Amino acid sequence: MSEGAKYSPGLDGVVAGETAVACVDQGQLLYRGYPIEELAERSTFEEVAYLLLFGDLPNVGQLAGIRQRLDDYRVLPSAVIDTIRRIPSDVAMMDVLKTGVSMTGHFDPTVKADTNDALRDRALWLTAQISGIIAARYRLLNGKEPREPKEGLSHAAQFLYQSQGVEPDAISTRLLDLTLVLYAEHEFNASTFTARVICSTLSDLVSAVVGAIGALKGPLHGGANEEAMEMLRQFKTADEARAWIADALANKKKVMGFGHRVYKNGDHRAKILEQELRKLAASKGQNVWMEIYDAIKGPMVNDKKIFPNVDYPCGLTYFLMGMPLDLYTPLFVASRVTGWSAHFIEQRVNNRIYRPLSIYTGHPLRKVVPIQNRG
Ligand code: COA
């Protein structure tokens, strides 16, 4: 490490670049200047995708254009479906998705250029393909053939239609859409940073997205929504949850779906989603799940001062919507691909290769002994 360089494990507190895509300003998440609360209330995922990729919210015509583009790009190449079909059924959905995206990358129908417009179009193609890959794998695992997309559905409705085979109800569509809005972007998180590092070598968008999927799948990042639900579903009552959390805290266990590097006083996205989750649980007569949810949350917030992040309510929301756990982190990808792509475009415009330093902790200088003289 060179003289004067400062070491911060996990790059904690280190400014690693500039971005105009999103920021957390005094605890408030803004996508291109718009508060996440307002976007969650007043816009759809497609509007947010447009905002992230183009820099501003779309007007009616621009929104129709982006929806049409997504529809144009939904059909999966048959080679991609064949590949997904051949992957053993016990392989995790995130790993299938990684392979599916890499495979579809060989059939990229977009204009072969790296202009911002071409990259935006490629981002929309990837957004459409990713949702189709998840839905196709889900159906194949359930012994059903992938379903052809249906023109004119929203991105959220399309996913539900292609995975479940029937047109979804308005509540499920709105809730999925809300989670997609909340998951779309979060400045220099681990997967976005991965995408930017890959971009910084002048590699391509598909490679950056595949790398970012690998980073997102870990339980400390996107994988937390599945892990949080895995934890909750072991309890039948709030008392069981209370006993478990007391033991977890006494033994300093990490509780998935809580804590955040950036939000130390609570994640706004979690608050927004939790409100909707409470309504969903009530409408389904599933209040016992909220009692379990609160039994874990109470001691985390009151005793540890560690707040839920968006993955905590998201896991239970998807669960109450009837979705299998294996889909939760892939759905995060189905949304975050837009944020990754916006960062990729930004990185490319003003690029400098990422090449940090390290502190060497290995053996001091030594000589290579000829092999016959080694013990
Ligand atoms: N459960 C229990 N304790 C937690 C915790 C959690 N979810 N998150 C943080 N803590 C504790 C740590 O153990 C540490 O305690 P210590 O100082 O006594 O050692 C302290 O809070 C600081 O945590 P740290 O891990 O240093 O924070 P970080 O900024 O490096 O990590 C996360 C942030 C998100 C990786 C971390 O909170 C975590 O692992 N959360 C669970 C996974 C998760 O939900 N990820 C999704 C993020 S959106």
Side-chain angles (χ1 to χ4, degrees), residues 15-70 114-128 130 154-156 176-197 199-200 205 208-209 212 216 222 260-263 267-273 309-310 314 331-351:
V15 176
E18 295 178 315
T19 184
V21 182
C23 69
V24 179
D25 182 24
Q26 296 173 8
Q28 187 179 38
L29 174 61
L30 309 178
Y31 292 174
R32 299 225 183 251
Y34 295 104
I36 190 65
E37 287 84 353
E38 288 187 33
L39 292 169
E41 201 184 314
R42 299 193 194 144
S43 59
T44 60
F45 170 70
E46 286 90 331
E47 288 173 74
V48 164
Y50 188 98
L51 171 67
L52 295 173
L53 292 172
F54 292 84
D56 224 330
L57 283 168
N59 60 29
V60 173
Q62 289 161 334
L63 179 61
I66 185 182
R67 287 187 63 155
Q68 183 59 53
R69 216 67 193 123
L70 288 167
D114 280 336
T115 60
N116 286 353
D117 279 345
L119 287 168
R120 287 183 188 118
D121 199 46
R122 199 164 302 141
L124 293 176
W125 159 70
L126 275 171
T127 305
I130 283 172
S154 72
H155 195 60
L176 180 58
D177 186 77
L178 173 63
T179 62
L180 297 180
V181 167
L182 298 177
Y183 269 144
E185 164 54 14
H186 212 223
E187 45 118 80
F188 270 49
N189 58 85
S191 57
T192 301
F193 188 55
T194 303
R196 288 191 78 126
V197 170
C199 176
S200 82
L205 181 62
V209 168
L216 190 83
H260 204 278
R261 173 63 64 80
V262 176
Y263 303 112
D267 175 343
H268 282 228
R269 299 167 303 169
K271 290 178 199 151
I272 295 168
L273 190 54
N309 58 55
V310 66
C314 191
L331 283 170
F332 191 155
V333 175
S335 164
R336 185 59 63 84
V337 59
T338 55
W340 292 334
S341 302
H343 279 273
F344 186 97
I345 293 166
E346 183 177 69
Q347 178 70 34
R348 227 180 146 91
V349 167
N350 193 10
N351 187 52

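By convention here, the first residue in the shown sequence is residue 1. Fair warning: this is a prediction, and the values are worked out from it, not measured in the lab.
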Novice: Check Leu29 against Arg269 and note the closest heavy-atom contact, atom names and distance.
Specialist: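 What the structure gives for the nearest pair is CD2-CD, 3.6 Å.
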
Novice: First locate atom CZ of Arg67, then atom OG of Ser154, and finally report the distance between them rounded to the nearest 0.5 Å.
Specialist: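 Arg67 atom CZ to Ser154 atom OG measures 6.0 Å (nearest 0.5 Å).
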
Novice: Please report the shortest heavy-atom distance between Phe45 and Leu180, naming the atom on each side.
Specialist: CD1-CB, 3.6 Å

Novice: Which atoms form the tightest heavy-atom contact between Ala184 and Val48, and what is the distance?
Specialist: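 Heavy-atom minimum between the residues: CB-CG1, 3.8 Å.
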
Novice: Report yes if the side chains of Leu119 and Ser341 come closer than 4.5 Å at any heavy-atom pair, otherwise no.
Specialist: no

Novice: Could you tell me how the ring of Phe188 sits relative to the ring of His343: parallel (under 30°), tilted (30 to 60°) or perpendicular (over 60°)?
Specialist: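 Perpendicular: the ring planes of Phe188 and His343 meet at over 60°.
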
Novice: Any Lys/Arg nitrogen of Asp114 or Arg122 sitting under 4.0 Å from an Asp/Glu carboxylate oxygen of the other?
Specialist: yes

Novice: Would you compute the distance between atom SG of Cys199 and atom CD1 of Ile345 and round it to the nearest 0.5 angstrom?
Specialist: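 The distance works out to 9.5 Å.
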
Novice: Val181 versus Thr44: any side-chain heavy-atom pair under 4.5 Å?
Specialist: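 They are not in contact (no side-chain heavy atoms under 4.5 Å apart), so the answer is no.
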
Novice: So which atom in Tyr183 and which in Ser335 form the shortest heavy-atom distance, rounded to 0.1 Å?
Specialist: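 For Tyr183 versus Ser335, the nearest heavy atoms are C-OG, 3.3 Å.
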
Novice: For the atom pair CH2 (Trp340) and CG (Leu52), what is the distance rounded to the nearest 0.5 Å?
Specialist: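 Between atom CH2 of Trp340 and atom CG of Leu52 there are 13.0 Å.
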
Novice: Any side-chain heavy-atom pair from Val24 and Tyr263 closer than 4.5 angstrom?
Specialist: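 Yes, at least one pair of side-chain atoms sits under 4.5 Å.
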
Novice: Do Asp117 and Arg120 come close enough that some side-chain heavy atom pair is under 4.5 Å?
Specialist: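 In short, these two side chains touch, coming nearer than 4.5 Å.
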
Novice: Within the structure provided, determine whether Leu178 and Leu273 are in side-chain contact (heavy-atom separation under 4.5 Å).
Specialist: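 Counting from C-beta outward, Leu178 and Leu273 do come under 4.5 Å.
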
Novice: Name each donor-acceptor pair under 3.5 Å that joins a side chain in residues 34-43 to protein atoms two or more places apart or in another chain, with its distance.
Specialist:
residue	atom	partner	partner atom	Å
Tyr34	OH	Asp56	OD1	3.1
Glu37	OE2	His268	ND1	2.2
Ser43	OG	Leu39	O	2.6

Novice: Measuring from Leu205:CG to Asp121:CG, what's the distance to the nearest 0.5 Å?
Specialist: 11.0 Å

Novice: Anything under 30° is parallel, anything over 60° is perpendicular, the rest tilted; go ahead and classify His186 against His260.
Specialist: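 The rings of His186 and His260 stand perpendicular, inter-plane angle above 60°.
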
Novice: For the pair Thr179 and Leu331, evaluate side-chain contact (heavy atoms from CB on, under 4.5 Å) and give the outcome as yes or no after the intermediate values.
Specialist: CA-CA 9 Å; Thr179 62; Leu331 283 170; over 6 Å; no

Novice: Can you tell me how far apart CZ (Phe344) and CG (Leu126) are? Round to the nearest 0.5 Å.
Specialist: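 Answer for the CZ-CG pair, Phe344 versus Leu126, is 10.5 Å.
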
Novice: Restricting to side-chain contact (heavy atoms from CB on, under 4.5 Å), what partner residues turn up for Asp25, sequence neighbours left out?
Specialist: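 Checked Asp25 against side-chain contact (heavy atoms from CB on, under 4.5 Å); matches are Cys23, Leu30.
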
Novice: What pairs meet the salt bridge (Lys or Arg N to Asp or Glu O under 4.0 Å) rule with one or both residues in residues 332-347, with sequence neighbours excluded?
Specialist: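 Residue pairs with at least one partner in residues 332-347: Arg196-Glu346.
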
Novice: For Ile130 versus Ala334, what's the shortest heavy-atom pair and its separation?
Specialist: CG2-CA, 3.8 Å

Novice: Classify the side-chain pair Ser191/Asn189 by whether it contains a donor and acceptor separated by less than 3.5 Å.
Specialist: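 Yes, Asn189 and Ser191 have a side-chain donor paired with an acceptor closer than 3.5 Å.
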
Novice: Taking all atoms of both residues into account, what is the closest heavy-atom pair of Ala128 and His155, and its distance?
Specialist: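 Heavy atoms only, the tightest pair is CA-CE1, 4.3 Å.
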
Novice: Do Asn309 side-chain atoms and Asp267 backbone N/O form a donor-acceptor pair below 3.5 Å?
Specialist: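 A pair under 3.5 Å: no.
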
Novice: Nearest 0.5 Å please: distance from the CD atom of Glu46 over to the CG atom of Leu124.
Specialist: 10.5 Å

